[in-house]
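In what follows, every chain begins at residue 1, and chains take the letters A, B, ... in the order their sequences are listed. Everything numeric in this text was worked out from a predicted model, so none of it was measured.
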Number of protein chains: 2
Amino acid sequence: MSRVFKALSDPSRRRVLQLLRAGPMSAGDLADQFAVSKPTMSAHFAVLREADLVHVEKSGKSMIYHLKLSVLEEALMGFAQTFGLGTEAVSTLPDGQEVLP
Amino acid sequence: MSRVFKALSDPSRRRVLQLLRAGPMSAGDLADQFAVSKPTMSAHFAVLREADLVHVEKSGKSMIYHLKLSVLEEALMGFAQTFGLGTEAVSTLPDGQEVLP
DNA sequence: AATATATTTAGCTAAATATCTAAATGAGTC
DNA sequence: GACTCATTTAGATATTTAGCTAAATATATT
């Protein structure tokens, strides 16, 4: 849990996760989106791996990173729930309409 | 946002927030729940203040800390939402039953 | 086998963090 | 005003972090 929040405490790492939302991406393609050196990004990837927020698949000479959305969800929502957050029934019905008893 | 996640990345600080869920508490009473020195806890409190997760009220010679649940909620759920998390309509209806169109 | 490409590891610096003890500040109390 | 209690600040040290360049590793390609 600490590792997840630590991972999320850096804007670059949060952006990596956002990029991976759209689908798996190689380390190089990810790194190209950032202004820092590739070794620096590699270190960020390592932090995300240690937090188990991504999973890597080897493909030829590339490393393909995948977002582990379920892990993010579990950590974020699990923690939120310990504060009673995130589980209130929020209506998605048109305004004024209700589910009848 | 970074500051919030940084604040949440420490177990002691997360526990401080949990303790404050039950209601406001003084710095000393909070610190008594932990094995580290008071100055160390004071530093943790400062991190929580900088993340705007708590607010402090002076009372006599004590400092009373309050949880800012709304700030925690905004940060946590706001971030979750950028991943499509936390807003899925989770049915609270009896199994098999549905809202008709 | 030599070369090229993709990524990580090594080794470094600078800055931030967590911890401590001792000292300073602030607010009641005698 | 002197004393006590609650908390924070100062100063020291050890660890971690983010960043860099240069080197190493692994896989393809020629």
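- A salt bridge links B:Asp32 with B:Lys38: at least one charged nitrogen is closer than 4.0 Å to a carboxylate oxygen.
- Of the candidate nucleotides C:dA6, D:dA6, D:dA18, D:dA6 has the atom lying nearest to any side-chain atom of B:Ser62.
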Listing time: all N or O pairs from protein to nucleotides 13-17 of chain D that are below 3.5 Å?
unit_1, atom_1, unit_2, atom_2, d
D:dT17, OP1, A:Lys6, NZ, 2.8

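- Cluster annotation: B:Leu67 and B:Val71 are assigned to the same hydrophobic cluster (Ile/Leu/Val/Met/Phe/Trp/Tyr, side-chain heavy-atom contacts under 4.5 Å, transitive).
- Expressed to the nearest 0.5 Å, how far CZ of B:Phe79 lies from CG of B:Leu85 amounts to 9.0 Å.
- Atom P of nucleotide C:dT17 and atom CZ of A:Phe5 are separated by 18 Å, given to the nearest angstrom.
- Across residues 29-38 of chain A, A:Val36, A:Ser37 each have a non-hydrogen atom less than 4.0 Å from an atom of DNA chain D (numbered order).
- Sorted by residue number, the members of residues 45-59 of chain A with any non-hydrogen atom under 4.0 Å from DNA chain D read A:Lys58.
- A sub-4.0 Å separation between OP1 or OP2 of C:dT17 and a side-chain N or O of B:His44 is absent.
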Intermediate values then yes/no, side chain to side chain donor-acceptor pair (under 3.5 Å), B:Ser59 and B:Ser62: CA-CA 5 Å; B:Ser59 167; B:Ser62 289; over 6 Å; no
Between A:Phe83 and B:Leu76, is the side chain to side chain contact (heavy atoms under 4.5 Å, CB included) condition met? List the steps. CA-CA 11 Å; A:Phe83 286 88; B:Leu76 230 44; 5.7 Å; no
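- Considering only the side chain of B:Lys61, D:dA6 comes nearest among D:dA6, C:dA18, C:dT21.
- For B:Thr40 and C:dC20, the shortest distance from a side-chain N or O to OP1 or OP2 is below 4.0 Å.
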Compile the donor-acceptor pairs under 3.5 Å between side chains in residues 14-28 of chain A and protein atoms, sequence neighbours left out, one pair per line.
unit_1, atom_1, unit_2, atom_2, d
A:Arg14, NH1, A:Leu8, O, 2.7
A:Arg14, NH1, B:Ser2, OG, 3.2
A:Arg14, NH2, B:Ser2, OG, 3.1
A:Arg15, NH2, A:Gln33, O, 3.0
A:Gln18, NE2, B:Thr82, OG1, 2.8
A:Arg21, NH1, B:Thr82, O, 2.8
A:Ser26, OG, A:Asp29, N, 3.1

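- Phosphate contact (OP1/OP2 of D:dT8, side-chain N/O of B:Tyr65, threshold under 4.0 Å): present.
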Distance-only criterion, 3.5 Å: show the donor-acceptor pairs between side-chain atoms of residues 41-52 of chain A and protein atoms not counting sequence neighbours.
unit_1, atom_1, unit_2, atom_2, d
A:His44, ND1, A:Arg13, NH1, 3.2
A:Arg49, NH1, A:Tyr65, OH, 2.7
A:Asp52, OD1, A:Lys68, NZ, 2.7
A:Asp52, OD2, A:Lys68, NZ, 3.4

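- Residues passing the ring pair (Phe, Tyr, Trp, His ring centres under 6.0 Å) test with B:Phe34: none are found, sequence neighbours excluded.
- Counting all heavy atoms, side chain and backbone alike, A:Ser9 lies closest to A:Lys6 at OG-O, 2.7 Å.
- Listed pair B:Ser42 / D:dT8 meets the phosphate criterion, a side-chain N or O lying under 4.0 Å from OP1 or OP2.
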